[in-house]
Amino acid sequence: MNKLLIVSAVPIALRAFLLPFAHYFRAKGWRVDAIANGVSTCPECVAACDRVWDVELGRSPLDPKNFLTAPSKIGEIVAQQQYDIVHAHMAVAGFVTRYALKDLRKQGKPKIIYTAHGFNFYKGEMPLKNAIFLTLEKLAGFWTDYLVVINREDEAAAKRYRIVAPDRVRYMPGIGVDIQRYNPDAISASEVEQVRQELQLAPTTSLFLCIAEFTPRKRHRDLLTAFAKIARENTCLAFAGEGVLQAEMQKLSHQLGVQDRVRFLGFRRDIPTLSRAAVATILVSESEGLPRSIMESLCLETPAIGTDIRGIRELLDPGCGILVPVGNVEAIAKAMTWILDHPEDAKMMGKRGRGLMADYDLRQILNLHENLYAEALVSASSFTSRDSLIVGNG
């Protein structure tokens, strides 16, 4: 039986993005385990995996437990369980995991795969910060068997800076979106009406939707400030997501005088219906890898407004939405107004978007992972054969 360990800093990432991979490979006969900080408190994660391990990983690269306790714990788990493949996701968990296993992988097992969900160095970031994070990625590259990137800008950077050998860089178009679930034909008009009633929206009210965790890089403040500039009572802005800045943004909505037109929905399981109820989704982050919220929106033929950054640009540049500069409140407000004033053109944007989503289908991404894992297992087998031959000759 092949053994796979998936590592993420927090269970929210596992729950939101990675559980389909656990389901898929378990159905193929693999043993699939997961590591995250507090993962045992996530029922969906526990159910999806054979075993879960709580390891004190912090999301901040400056969190001391990332290097005081996490590496030894990860190394101990992997050594005991004899995984064939360890697949780490996100920057902090990816670095800590590779550091923890740098000596163990010299034996040829496990094979270490890291998926960069957007490098922490990127165009538009401060040069010093870029230099630091690039240096860390190049260091961790020595401990990496395969590097997966999810947008073309990161693919080019990985090869240009030789973070790993170019033949060990794998581009995959995101982490996949279930185009069967996110299908406009799968959502009835009555479901849309029901969610509109829940949000207390009048029949003439236009809904904008932001699906994003309340963290600084998502820049919710920009969106709220822009929305306050739209002097139209028949508009509503809804936020789906949780996070450390939620209370602060709720307070800001009162300060801006738009609290009656803003909804804070928390964690939602009905994102497809919410997206179909919206005239557009909005994501004004300063950094993204390849945001699934926009992919989901386009699958549902709902146009999107997004910042002109890597990942978002790849999805919206073909005329599937509106791009705005990071931090430009006026441009965000102008884009929202355009959506309101040009409903038919906006609908055409969404339809174009759905036509592009086949390449991002979850089934294709799962197949790409299966191929990569097969390659890694062959590589591990070859290593073991060579090692045995050397020992035998000795």
Side-chain angles (χ1 to χ4, degrees), residues 12 15-17 19-20 44 174-215 218-220 223-224 226-227 230 232 234-243 245-246 249-250 253 258-285 288 291-306 312 315-316 320-322 332 335-336 339-340 343 346-347 349-351 353-354 357 360 362:
I12 188 174
R15 184 181 67 191
F17 305 126
L19 293 189
E44 297 95 334
I175 41 82
V177 58
D178 187 346
I179 63 175
Q180 294 179 325
R181 180 187 179 206
Y182 292 89
N183 183 336
D185 295 331
I187 301 163
S188 67
S190 62
E191 289 176 300
V192 172
E193 180 57 30
Q194 183 176 351
V195 81
R196 287 182 61 87
Q197 290 179 5
E198 177 199 342
L199 300 184
Q200 299 180 326
L201 303 180
T204 58
T205 298
S206 296
L207 174 68
F208 290 97
L209 176 66
C210 176
I211 308 161
E213 186 182 5
F214 283 90
T215 59
K218 300 293 185 178
R219 301 184 71 100
H220 291 82
L223 179 51
L224 268 172
F227 182 66
I230 302 175
R232 302 192 187 188
N234 62 337
T235 56
C236 178
L237 172 62
F239 293 100
E242 302 170 326
L245 295 181
Q246 182 173 341
M249 293 303 104
Q250 289 174 309
S253 71
V258 294
Q259 69 275 8
D260 292 337
R261 296 193 290 132
V262 176
R263 308 287 187 268
F264 292 88
L265 308 180
F267 174 72
R268 300 286 295 215
R269 299 183 184 277
D270 58 347
I271 293 298
T273 306
L274 283 168
S275 295
R276 282 294 288 173
V279 293
T281 59
I282 309 179
L283 189 65
V284 294
S285 309
E288 290 286 346
R292 199 171 73 178
S293 64
I294 288 185
M295 290 191 284
E296 292 168 351
S297 179
L298 297 184
C299 280
L300 292 161
E301 299 185 359
T302 301
I305 298 169
I312 294 180
L315 295 169
L316 298 188
C320 306
I322 302 174
I332 299 169
M336 296 172 77
I339 293 287
L340 296 171
K347 288 179 182 178
M349 280 183 170
K351 289 184 180 296
R354 178 162 178 79
M357 284 299 104
Y360 301 88
L362 175 61

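Bear in mind that the values here come from a model prediction, so they are computed numbers and not experimental data. Sequence positions, counted from 1, serve as the residue numbers for this chain.
Leu223 places none of its side-chain heavy atoms less than 4.5 Å from the side chain of Phe208. Leu340 has its side chain within reach of Thr235: a pair of non-hydrogen atoms, C-beta onward, lies under 4.5 Å apart. Residues Cys320 and Leu315 have side chains not in contact (no heavy-atom distance under 4.5 Å, counting atoms from C-beta outward). Between Pro272 and Glu296, the closest side-chain pair of non-hydrogen atoms is not below 4.5 Å. Residues Glu191 and Thr273 have side chains in contact (heavy-atom distance under 4.5 Å, counting atoms from C-beta outward). Side-chain contact between Ile312 and Pro291 is present, with heavy atoms from C-beta onward closer than 4.5 Å. With a 4.5 Å cut-off on side-chain heavy atoms, Leu274 and Ile211 do not count as touching. Side-chain atoms of Leu362 and Ile179, non-hydrogen and from C-beta on, never get closer than 4.5 Å to each other.
Note that CG of Leu201 is 9.0 Å distant from CD of Glu193, once rounded to the nearest 0.5 Å. For the atom pair CD (Glu198) and CZ (Arg263), the distance works out to 10.5 Å, reported to the nearest 0.5 Å. One distance of note links CD1 of Ile332 with CZ of Arg219; it measures 8.0 Å at 0.5 Å rounding. Between the OG atom of Ser293 and the CD1 atom of Ile282 there is a distance of 11.0 Å, given to the nearest 0.5 Å. Distance CG/Leu300 to CD1/Ile271: 10.0 Å, rounded to 0.5 Å. Note: Ile12 CD1 to Glu213 CD = 4.5 Å, rounded to the nearest 0.5 Å.
Of all heavy-atom pairs spanning Glu301 and Lys351, the tightest one is OE1-NZ, 3.2 Å. Nearest heavy atoms, Pro184 versus Cys299: CD-O, 3.3 Å. In plain terms, the two heavy atoms of Leu224 and Leu237 that are nearest each other are CD2-CD2, 4.3 Å. In this structure, Ala304 and Ser297 approach most closely via the heavy-atom pair CB-OG, 4.5 Å. When all heavy atoms of Ala240 and Leu265 are compared, the pair lying nearest together is CA-CB, 4.4 Å.
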- Please report the C-alpha distance between Val195 and Asp270 in whole Å, then the side-chain angles of each, then the deciding distance to 0.1 Å, and finally whether the side chain to side chain contact (heavy atoms under 4.5 Å, CB included) criterion is met. CA-CA 9 Å; Val195 81; Asp270 58 347; 3.8 Å; yes
- Item | Worked check of side chain to side chain contact (heavy atoms under 4.5 Å, CB included) between Arg354 and Asn183 | CA-CA 9 Å; Arg354 178 162 178 79; Asn183 183 336; 3.7 Å; yes
- Can you list the steps and then say if Val192 with Ile187 is a side chain to side chain contact (heavy atoms under 4.5 Å, CB included)? CA-CA 7 Å; Val192 172; Ile187 301 163; 3.9 Å; yes
- Message: Apply side chain to side chain contact (heavy atoms under 4.5 Å, CB included) to residues Ile294 and Leu316 and explain how you reach the verdict.
- Response: CA-CA 9 Å; Ile294 288 185; Leu316 298 188; 3.9 Å; yes
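Seen from the ring of Phe267, Arg15 counts as a face-on cation partner, given the 6.0 Å and 45° thresholds.
Looking at residues two or more places apart in sequence or on another chain, you find a salt bridge (Lys or Arg N to Asp or Glu O under 4.0 Å) between Glu288 and Arg217, Lys218. By the ring-ring contact (aromatic ring centres under 6.0 Å, His included) test, Tyr360 is found to be paired with no residue, residues two or more places apart in sequence or in another chain being considered. Residues satisfying the salt bridge (Lys or Arg N to Asp or Glu O under 4.0 Å) test with Glu242, not counting sequence neighbours, are none.
Within the 3.5 Å criterion, the main-chain N or O of Ser275 finds a donor-acceptor partner in the side chain of Thr302. Arg196 places a side-chain N or O within donor-acceptor distance of the main-chain N or O of Ala202, the cut-off being under 3.5 Å. In terms of modelled atom types and a separation under 3.5 Å, the side chain of Arg261 and the main chain of Arg232 share a donor-acceptor contact.
Taking the six-membered ring where tryptophan is involved, the planes of His220 and Phe239 are tilted, since the angle between them lies from 30° to 60°.
Gln250 and Ser253 are not linked by any side-chain donor-acceptor pair at a separation below 3.5 angstrom, with hydrogens and angles left out of the test.
Enclosure of atom CD in Gln194 is not indicated, since only 12 or fewer non-hydrogen atoms of other residues, nucleotides or ligands lie within 6.0 angstrom.
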